Amino acid sequence: MNLYAVIIAAALAAEYLLHLAVDLLNLKALGTGVPAEFAGVYDPATYRRSQEYTRTRTLFGIVVSTAMLALTFGFWFAGGFNVVDVAVRGWGLPAIPTGLAFIGILALLKTLISLPFSAWSTFVIEARIGFNRTTPKTFIADLLKGMLLSVTIGGLLVAGILFLFEWAGPGAWAWCWGFGTVVALVLQFIAPVWLMPLFNKFTPLPDGPLKERILKYASEIGFPLQGIYMVNGSKRSSKSNAYFTGFGKFKRIALFDTLIARHTAPELVAVLAHEIGHYRKKHIRTGMIVSVLRMGAMLWILSMFVSHRPLFDAFFMENVSVHAGLIIFGLLFTPIEFFLSLAMHALSRKHEFEADRFAAETLGGREDLVSALKKLSADNLSNLTPHPAYVFLHYSHPPVLERIRRLSSA
């Protein structure tokens, strides 16, 4: 058997088994009682619902990952990649449209396969627990909008990469890196203004006590605050959230309407202080730099394999091409991507602790942030006792109990 096929198949299977083992450990770690820090926030009934929610989502995730792995292996060893490649080559299109058609068909197949799982998650699991507010009309509209963005932005990016690999030869990876960096930076600026509003309505926070309190805090820490928006998150879910996005005059702080409805003004200021902490501590910029470096490393490694015949043999491909190389390399890159994701999660968790500390220091106390974190956990039915291995593998944020204890000990 082809060595690359063995390596890739083993990597996919090993990652699946590792995630399965960690999922089972996480289920075993589900608590039997409400942690002392959450007394009065999680009543026994709410805590049981949170445990059941974690259990249901975990088991569903196992079903989805098992099905996707089986379908991936089935498509691979049935020669599916070559079938699609031969079919699009038969259309007689130039190289770049042929590549876009090949990648587009595979992306469409993956979307169609994922669609029933996504619908079940939204309309059965989330509805059963009381979170879902997405209508079938909104679900379909989101799907079509996402596909349209993938075709336009994703198509532009892929077309650029295909062109550069055809035109620039051995140094193509560096040109692609530059091109990808420009696209990523442009998206950081335009996404808050033009892309995100395609899915949610962003309304400037109205004048009133909350806005006054927020502006007073921003003035006290010397932060030029503009672009505070309320997001109609309740259109899709009753869960709460807040986030900071964009750069310069395009930056936005978004507070979900569900968050505003369930928290006091001091708690909301504390949540916003945490988000400002990410900006002040340069976490957004750091994340962008790390992502760009990660992109460069991936493209450099890709350049070594994009025309490597044995790799194409592993996928039963008759023809060597850049467009097929991009897809095949994605599977070869799986082990490296796994370890990179662990490092990214660890960095993100560190940033969350730093943003918490910034909020507590600038607010002159931790009580409001701790209270907000507790309410968020109860509203979103967060698992309060995740297994450490599960946190290490999956969490971009530290467990809320750990955040509260870290704040309490500061």
Side-chain angles (χ1 to χ4, degrees), residues 15-66 121 125-126 128-132 237-242 256 258-259 262-263 267 270-271 274 338 341-357 359-360 366-410:
E15 184 177 9
Y16 167 80
L17 292 173
L18 176 61
H19 281 84
L20 176 61
V22 170
D23 283 345
L24 296 177
L25 284 174
N26 198 48
L27 290 177
K28 191 175 180 181
L30 288 174
T32 56
V34 180
E37 289 87 347
F38 283 83
V41 179
Y42 269 78
D43 57 55
T46 302
Y47 190 65
R48 283 194 298 272
R49 284 178 67 222
S50 75
Q51 303 292 276
E52 184 57 34
Y53 183 57
T54 298
R55 187 176 292 106
T56 301
R57 292 228 61 94
T58 302
L59 293 174
F60 180 68
I62 291 173
V63 171
V64 173
S65 60
T66 302
S121 174
I125 297 176
E126 296 294 304
R128 184 182 297 160
I129 206 70
F131 283 145
N132 180 55
S237 174
S238 63
K239 291 182 178 180
S240 302
N241 197 10
F256 278 36
T258 47
L259 184 79
R262 296 170 186 163
H263 290 74
E267 290 168 347
V271 171
H274 171 93
F338 171 74
S341 70
L342 295 181
M344 294 288 284
H345 285 332
L347 178 64
S348 177
R349 292 194 297 270
K350 177 177 179 292
H351 286 170
E352 291 302 319
F353 282 132
E354 291 176 355
D356 282 348
R357 186 164 60 251
R366 58 182 172 78
E367 291 77 13
D368 292 328
L369 180 58
V370 168
S371 176
L373 289 173
K374 288 180 179 180
K375 283 187 179 180
L376 272 169
S377 299
D379 291 341
N380 295 340
L381 296 181
S382 302
N383 179 16
L384 302 182
T385 58
H387 193 278
Y390 192 88
V391 173
F392 180 73
L393 209 61
H394 294 287
Y395 275 38
S396 61
H397 286 51
V400 67
L401 197 54
E402 190 176 342
R403 291 174 68 180
I404 290 172
R405 288 172 178 171
R406 183 76 66 94
L407 282 165
S408 300
S409 63

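Note that these values count all heavy atoms, side chains included, but never hydrogens, waters or copies made by symmetry. This structure is a prediction, so every number in the text was calculated from the model and none was measured.
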Could you tell me if the side chain of Asn241 sits less than 4.5 Å from the side chain of Thr258, heavy atoms only? no

Over 60° means perpendicular and under 30° means parallel, so tell me whether Tyr390 and His394 are parallel, tilted or perpendicular. tilted

How many angstroms lie between atom NE2 of His387 and atom CG of Asn26, to the nearest 0.5 angstrom? 8.0 Å

Please walk me through it: do Leu18 and Leu393 pass side-chain contact (heavy atoms from CB on, under 4.5 Å)? CA-CA 9 Å; Leu18 176 61; Leu393 209 61; 4.2 Å; yes

Nearest 0.5 Å, what's the CZ-CZ distance between Arg406 and Arg357? 8.0 Å

Backbone of Val391 reached by a side-chain donor or acceptor of Arg349 within 3.5 Å: yes

Keeping the roles fixed (side chain from Asp379, backbone from Lys239), state whether a donor-acceptor pair exists under 3.5 Å. no

If you measure from CD on Gln51 to CG on Leu384, what distance do you get to the nearest 0.5 Å? 7.0 Å

Smallest heavy-atom separation, Arg366 atom then Leu407 atom, equals CD-O, 3.1 Å

For the residue pair Arg55 and Leu30, what are the closest heavy atoms and their distance? NH2-CD1, 3.3 Å

Which atoms form the tightest heavy-atom contact between His263 and Ala372, and what is the distance? NE2-O, 3.5 Å

Any donor-acceptor N or O pair under 3.5 Å, side chains Ser371, Asp368: no

Arg262 side chain to Lys375 main-chain N or O, any donor-acceptor pair under 3.5 Å? no

Run the side-chain contact (heavy atoms from CB on, under 4.5 Å) test on Leu381 and Ile129 for me, step by step, so that the C-alpha distance in whole Å, both residues' side-chain angles and the decisive distance to 0.1 Å come before the verdict. CA-CA 9 Å; Leu381 296 181; Ile129 206 70; 3.5 Å; yes

Would you say Asn383's side chain and Thr385's backbone share a donor-acceptor pair under 3.5 angstrom? yes

So, taking the atom named CZ in Phe353 and the one named CD in Glu402, what distance separates them when rounded to the nearest 0.5 Å? 4.0 Å

With a 4.5 Å cut-off on side-chain heavy atoms, are Val41 and Thr46 touching? no

So, taking the atom named CZ in Phe392 and the one named NE2 in His345, what distance separates them when rounded to the nearest 0.5 Å? 10.0 Å

Phe38 to Ser377 - nearest heavy-atom pair and separation: CE2-CB, 4.0 Å

Quick one, Arg57 with Ile125, criterion side-chain contact (heavy atoms from CB on, under 4.5 Å). Give me CA distance, side-chain angles, the key distance, then yes/no. CA-CA 8 Å; Arg57 292 228 61 94; Ile125 297 176; 3.4 Å; yes

So which atom in Pro386 and which in Tyr395 form the shortest heavy-atom distance, rounded to 0.1 Å? CB-OH, 3.5 Å

Taking Tyr53's backbone N and O only, do any of them form a donor-acceptor pair with Thr56's side chain (distance below 3.5 Å, no angle check)? no

Regarding Thr66 and Tyr16, is there a side-chain donor-to-acceptor distance under 3.5 Å anywhere? yes

Stepwise, does the side-chain contact (heavy atoms from CB on, under 4.5 Å) test hold for Glu352 with Arg403? CA-CA 8 Å; Glu352 291 302 319; Arg403 291 174 68 180; 4.1 Å; yes

Run Arg48 and Glu52 through salt bridge (Lys or Arg N to Asp or Glu O under 4.0 Å) and show every step you take. CA-CA 6 Å; Arg48 283 194 298 272; Glu52 184 57 34; over 6 Å; no

So, using salt bridge (charged side-chain N to carboxylate O under 4.0 Å, His left out) as the criterion, who are the partners of Glu37 when residues are at least two apart? Arg405

Main-chain N/O of Ser396 paired with Ser348 side-chain donor or acceptor, under 3.5 Å: yes

Side-chain contact, heavy-atom cut-off 4.5 Å: Tyr42 with Ser382? yes

Restricting to non-hydrogen atoms, name the atom on Leu259 and the atom on Ser240 that form the minimum distance, rounded to 0.1 Å. N-OG, 3.6 Å

Any donor and acceptor pair, going by atom type alone, linking the side chain of Thr58 with main-chain N or O of Asp23 inside 3.5 Å? no

